[in-house]
Structures are given as structure tokens and as C-alpha cells.
Amino acid sequence: MPAGLLGIEDLTRQEIEATLLRAKHYQTVQHQAVKKSDLLRGKMVVNLFFEASTRTRTSFEIAAKRLGADTVSITATGSSVSKGESLVDTLNTLAAMRPDAIIMRHAASGAPHFLARHLPIPIINAGDGTHEHPTQALLDALTILDHRDSLEGLRVAIIGDIAHSRVARSNVYLLSKFGVDIVLCGPAPLLPSELSSMAPGVRLTYDMREAISDADVIMMLRVQLERQHESNFSPSEYFQFYGLSLEHIGLARPDVIVMHPGPINRGREISSEVADSQKSVILNQVENGVAVRMAVLERILS
Ligand code: CP
């Protein structure tokens, strides 16, 4: 039984490079008139989303279909979870129908790992709580490599709600394996000091201008109101100190790219002028999501 994909932390640099190489191949397929193959014909992939998603759920489904697999999408509201069924019972029920892989998003950190320990089916983590979002980090790396020859030696500023961000964690794990200089920046309540020791090459600052200075990549993060229990900044207060506006761009390298995993909150963490500017690669990230997820499904299922 091939392994699934639970996180970036345990992947080797070689495994990441191999996945990105296949994703590069699938990038070219996106531009062909016929995008569909039958590589995964006969395979059944279950998309199990206990949290809202637009990009990840849709792109996994498109990726699976482009590889010829059959897909079923289940959301918590449309399933028996809404009738009080436990996670274990839901998962055993689905497993009894013998899918070939389960793609899972859950609000609880570690939920896909729990599933992987109990089911003899490859599990792909589509985002677990504040822990990891591995395919997001892979598609982010692919997007950076569309604009740079190598990740080695780059300076990447990740700015916003770091504390609650599985995207930040997966990106830190991935980028640190490639010798990237990573600056994490956010307001003190959203930037725990212990994050500085999570991987080599990571430093923290509360000063957004310092974080952006000489950056090759600015990665903005959404304030995850759904995961915060403490009092929040108002949108305008937050934007004043940690929102990305055009005046910040001049502090970075001239060829800087601006990234955001989405969904974006215009006027809170990023201005519309930046989100819609030539520097923004936000929609390229979305496009690369399909290619990366095709590469991941191929590695796990073919
Ligand atoms: N980036 C991301 O995970 O977006 P969705 O929540 O829309 O899937």
C-alpha cells in the first residue's frame, strides 16, 4: 500500500523535488487542448472536507478527473456528521466502500494522521487545523520556481496570522529544506516566539518593513478569525500595521513576487492595488494547484 501525504515535515528534499518535477510536466498539460489522461482509470478518490474550501477541494477534484479517476465529494454539512455521527464512524463507513484514496480537510490538527493510523487507505492531508497544508506549500514552491531558477538563497517574508497558519508551517518546513532565509512577521499575539526554532533559517520580526526589506517573495496570510478566541484587531487597525500596500513593494527586491494562499481579505491583509498588480502571482498559485495535485495523486495512486 503506497503512503499518502500527511505533511511536508517528514518529506525529504529529493521527494519534494521529484513531486515538483512531475508538477512541471503537468503544468504543460494544462495548456493542451486535451488535458485528460487515463492514468488513474478505475481508481476512486474521496474528497472529504469538514471545513470550507474553494481552491483545494476544486483543484483536487479537477486533478483527479484529469488523471481519469472517479471522484466523490463529501462535506460535513451534507453528510451524516450533521446528524451526530462521529469521525471514526464516518471514516469506517467510507472505508467500507473501498476508495483508493481519501483527501481530507479537518479543523482538528492531526485528524488525517489519526485516520491514516486506522485505515489501510492512502490519506492526503488537505489542511488539518493549524498544523499542515502540504499541497499548498508544494504549489507555492512551484509558483516561486516559475519566477526563480532555484529556491536556494532566496529571502521569503511570510506575514500575518502565523500562529494559526498551516500554510505558514508547511511552507517553513519546505523552504527550510532548500536553504531559504525565512522571515516570519506578524503582531505579537499571532507570532509565538517558539516558531523561531521550528526549522533552520527562520527568524521572527514584528516589524513589517524589516520583514519585506530585500525580500524575493512576500507571502501574505489571512487573519484566521475562525481559529481565534482572543480579541481581534479591527480590519483598519490590522491593515495599518500588517496590511500590504503598494508603498511596501519598493522595500523589496525589484523582481519581488507577492503571494497569498487565499481566500484574500482585501483591505485587511492586502490592498486591492497589490492583489491585482503585476507583482501578484495569486492566481498563478491557484493554477499551479491543479498541476501539483495531479503530481501528488500520480505519486500516490499510479
Ligand atoms: N488555500 C486554500 O487552502 O484555499 P481554500 O480554503 O479555498 O481551499
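Counting starts at 1 for both ligands and their atoms, in listed order. Hydrogens, waters and symmetry mates play no part in the numbers below; they use all other heavy atoms, side chains included.
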The closest protein heavy-atom partner of atom 6 (O) of ligand 1 is R105 NH1, 2.8 Å
Note: ligand 1 atoms sitting under 4.0 Å from heavy atoms of T56 are 2 (C), 3 (O), 4 (O), 5 (P), 8 (O)
Strictly below 4.0 Å, N to O, side chains only: are E51 and R166 in salt-bridge contact? yes
_With a cutoff of 4.0 Å, is G262 in contact with ligand 1, counting heavy atoms of the residue only?_
yes
request  = Would you please say whether a donor-acceptor pair under 3.5 Å links the side chains of H133 and R105?
outcome  = yes
Note: heavy atom closest to atom 3 (O) of ligand 1, options Q136, H133, R57, belongs to H133
Nearest non-hydrogen protein atom to atom 4 (O) of ligand 1, with distance, is R55 NE, 3.1 Å
| said: Checking side-chain polar atoms at under 3.5 Å, does N171 have a donor or acceptor matched by the opposite partner on Q136? | reply: no
Numbered in order shown, the ligand 1 atoms found under 4.0 Å of a heavy atom of T54 are 5 (P), 7 (O), 8 (O)
Note to self: Could you check whether E298 and Y26, counting side-chain N and O atoms only, form a donor-acceptor pair closer than 3.5 Å?
What the structure shows: yes
Practice item. Give yes or no for whether the N/O distance cutoff of 3.5 Å, strictly under, is met between P263 and ligand 1. Key: no
Quiz item: Taking the six-membered ring of F60, is the NZ or CZ of R293 close enough (under 6.0 Å from the centre) and on axis enough (within 45°)?
Solution: yes
| message | So for E51, does at least one of its heavy atoms come nearer than 4.0 angstrom to any atom of ligand 1? | response | no
- prompt: Is it true that D276 and R266 have a side-chain N and a carboxylate O under 4.0 angstrom from each other?
  reply: yes
